[in-house]
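This report concerns only the one structure given below.
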Amino acid sequence: TMSEIDVIRAQIAGCWQVDPGMKGIEDLVVEIVVQLNPDGSVVRADFADPSRVAGGGTYAIFAESARRAVLKCSPLRVPTKSYQTWKQILLEFNVREMLGL
């Protein structure tokens with residue numbers, strides 16, 4: 001459910017380190033497809049649109065920081081009873097929402 005994803009996002013936001021002084025990140029959004037084991041450990045964290053990351057620049061730095069946050073927070077605290085619902089989720093990283101800018 002959305003509330004379960006919000007709980008997961010909140011955990012990852014605590015692991016996400018973004019330089020708020022980095023120019024041009026205020027409106028960037030990156031989506032990461034995350035596959036989890038039943039214990040909440042991350043199996044994979046892939047960019048939903050890898051072609052944007054391949055272009056390098058600010059977006060690539062921003063996207064890599066989001067991916068590192070997912071990996072750093074592993075294992076995530078997730079409800080074991082609904083594993084089929086969240087075993088693969090799409091997480092959206094938005095600076096304004098996740099860091100309150």
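All heavy atoms count here, side chains included; hydrogens, waters and symmetry mates do not.
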- Message: Which heavy atom of V78 sits nearest to which heavy atom of G40, and what is that distance?
- Response: CG2-CA, 3.8 Å
- Message: Distance check, rounded to the nearest 0.5 Å: I8 atom CD1 versus L36 atom CG?
- Response: 6.0 Å
- Note on the structure: Minimal heavy-atom distance between Q88 and Q35, with the atoms involved, is OE1-NE2, 2.9 Å
- Item | Audit row: L91, I12, side chain to side chain contact (heavy atoms under 4.5 Å, CB included) steps and yes/no | CA-CA 10 Å; L91 294 177; I12 294 170; 3.3 Å; yes
- Task: Using salt bridge (charged side-chain N to carboxylate O under 4.0 Å, His left out) as the criterion, list what pairs up with R68, not counting sequence neighbours.
- Result: none
- Shortest non-hydrogen contact from V29 toward E92: CG1-CG, 3.3 Å
- Query: By side-chain hydrogen bond (donor to acceptor under 3.5 Å, both in side chains), which residues pair with E31, not counting sequence neighbours?
  - Reply: none
- So the salt bridge (charged side-chain N to carboxylate O under 4.0 Å, His left out) pairs with at least one residue in residues 74-87 (sequence neighbours excluded) are none
- For residues K72 and C15, report the shortest heavy-atom separation together with the two atoms involved. CD-O, 3.9 Å
- Item | Residue pairs involving residues 60-92 (criterion ring pair (Phe, Tyr, Trp, His ring centres under 6.0 Å); sequence neighbours excluded) | W16-F62, Y83-W86
- Check whether any side-chain heavy atom of F93 sits under 4.5 Å from a side-chain heavy atom of V70, and report yes or no. yes
- Heavy-atom nearest pair, A66 first then V30, reads CB-CG1, 3.8 Å
- Minimum heavy-atom separation for S74 to S41, with atom names? OG-CA, 3.3 Å
Side-chain polar contacts of residues 46-58 - donor-acceptor pairs under 3.5 angstrom, sequence neighbours left out - could you list them?
{"from": "D46", "atom 1": "OD1", "to": "R44", "atom 2": "NH2", "distance (Å)": "3.4"}
{"from": "D46", "atom 1": "OD2", "to": "R44", "atom 2": "NE", "distance (Å)": "2.7"}
{"from": "D46", "atom 1": "OD2", "to": "R44", "atom 2": "NH2", "distance (Å)": "2.8"}
{"from": "D49", "atom 1": "OD1", "to": "S51", "atom 2": "N", "distance (Å)": "3.4"}
{"from": "D49", "atom 1": "OD1", "to": "S51", "atom 2": "OG", "distance (Å)": "2.6"}

- Just jot down the side chain to side chain contact (heavy atoms under 4.5 Å, CB included) partners of L71, sequence neighbours excluded, or say none. V42, A45, R67
